[in-house]
Every structure is written in structure tokens, then in C-alpha cells.
Novice: 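Sharing a structure below in C-alpha cells format, with a few things to ask.
Counting convention: from 1, in listed order, for ligands and their atoms alike.
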Amino acid sequence: MAAFYEATVTDIHHWTDRLFSFRTTRDPAFRFEDGQFAMIGLEVEGRALLRAYSMASPNHDDGLEFFSIKVPNGPLTSRLQHIRIGDTVLIGKKPTGTLVQDSLLPGRNLYLVSTGTGFAPFASIVRDFAVYERYERIVAIHGCREVAELGYSKHIIDAVLADEYLGEAAAGKLIYFPTVTREAFTNTGRVTTALEDGTISAKAGLAPLDPAHDRVMICGSEAMLKDLVVLMKFRGFREGSSSEAGHYVIEKAFVEK
Ligand code: A2P
């Protein structure tokens, strides 16, 4: 049995010269939990060239969506960025990952902290109905270099709030905090700084970060993860896993090539 499904590209959107998202068909047998990732890629010279990608679409979606960087010389993304509607993409059959609800203890507020393409798993989670039943507030934080790079997360959040059903579930609960580091914007500076100095909690009308009531999911660059783990530990948060639920979970934003 092959280790992957063949899916057909149904939509592509280029957000900037570094970022794009695309949709594919979904084999009905492909099951995953919101927040998980799978190996996906292309057949190149008769061989499967695969990288880890978070599913950006929610499990209830009939199709699949992915959010990707474009690296000029990256073995996969230099090719993947040129896909067209109707092309075939390979989807690994074994989704996995730590950004799942079972790895977190029950809590009041859920912070989803991302940089760059690290927003992908959260695009899935903010479109999950159950998350709005589980938490009082969901704070979706996305840090990028430039405003244009926030296009995908803004589009997703706007679509959730405008959706007839999801919008009702998310109303008053979903808070979006976009920030950029390399140009002027409403919010500027790194996500780590805005979390540490209390800017985000204050803007969301929430008490300072505290493991007593807050849960945190983190996805982004290695440097960002490293810095945030220091902050989490300092505040008394314990990392969760599939074997023992905790106060926060982390995952690297995978595709860098
Ligand atoms: P900066 O402009 O200061 O490097 P990238 O596109 O390189 O993945 O970066 C995405 C965002 O992550 C940028 O805003 C970048 O800020 C930020 N960033 C880089 N390193 C860290 C870090 N250690 N902690 C928090 N944010 C970071």
C-alpha cells in the first residue's frame, strides 16, 4: 500500500512573493485532528519529495488547505510554488503532531501564538467549532515581518467571523492580534515581547498570562519557540504531550526548504 494519497490542486493564492496557500481534494479516508500535520509534496523524477505541512483547513472541511513559504532554492517549495489547478500533490497517510486539544489541560483562554507560516495549524483550529465550546476566549496571535504577510491570517479570521455558523460560535470569543516587526502597523514588535510585557492580554481584556487559566499553543521559527518556552517556564507553565496534558504545547513551523 502506498504511503500517500494523490490529491488534486483546486485553488492557489499567492499572498506575497514569499507566501502562498493552496487547496486540494481530500481522500475521504484521510482523517486528522485540527492542528496536526502530514508529509506532503510532489513526485520529482519518479520519487516522492515530501515535507511536513500542517493542515490549515479544519477536519470538517471536504478539501485540504496548506499555507507555505516559497524558498527560491528549496528542493520542494521552489517547485510547489509553481503548482497549478489540476496538478497532483502527494499527501502522506499518517497525520500527527502535538498541537492538539488532548495535550492541553482544560482552561479558560486559549492563546495561539505563531510567526510566519506557523499560523497554518491555527487556521485549522480557529475553524473548529469545538474550540469555542471549550474556551471562553481564543486569542490568535500572528507575527510577521511585513503587513502583507498577515494577509492569510487576516483572511481566515475575517472569514470565521463572517461565517453564518462559525461566526456565531466565535463572536466575542475570537480575538486576533497581528503584529509586524519591519514596518509601521497598528501593532509592531515581536510576539514574544507583546506576550511578555502584557500588551496582548491587555488588548484582549484578559488578566496576565497565568497557568491557572490560560493554555498556549505555539508554532513558528526555532528562535521564537526557544524564547517563548523560556517565558512559559518562567510563568510556571508546564509543557503538555500526548501522554500527559499540560499548560502549553509547541511545534516548529516546518517547511523551510
Ligand atoms: P524580526 O523581523 O525581528 O526577525 P520570519 O519571516 O523570518 O520567519 O519571521 C517572522 C517573524 O518572526 C518576524 O516578525 C520576526 O521578527 C519574528 N521573529 C524572529 N525571531 C523571533 C524570536 N526569537 N521571537 C519572536 N519573534 C521572532
Novice: Please determine if K93 forms a cation-pi arrangement with Y5, meaning its NZ or CZ atom is less than 6.0 Å from the six-membered ring centre and no more than 45° off the ring axis.
Specialist: yes
Novice: What are the two closest non-hydrogen atoms of S57 and D34, and how far apart are they?
Specialist: O-OD1, 4.2 Å
Novice: Hey, which residues fall under 4.0 Å of ligand 1 on heavy atoms?
Specialist: R18, T115, G143, C144, R145, T181, R182, R190, T192, A223, M224, D227
Novice: Do H14 and K70 have a side chain donor and acceptor closer than 3.5 Å?
Specialist: yes
Novice: Quick one: hydrophobic cluster around F4, which other residues, with the 4.5 Å side-chain cut-off, linked directly or via members?
Specialist: M39, L50, L90
Novice: Between the side chains of E6 and T88, is a donor N or O closer than 3.5 angstrom to an acceptor N or O?
Specialist: no
Novice: Among N59, T10, T8, exactly one meets side chain to side chain donor-acceptor pair (under 3.5 Å) together with R26. Which residue is that?
Specialist: N59
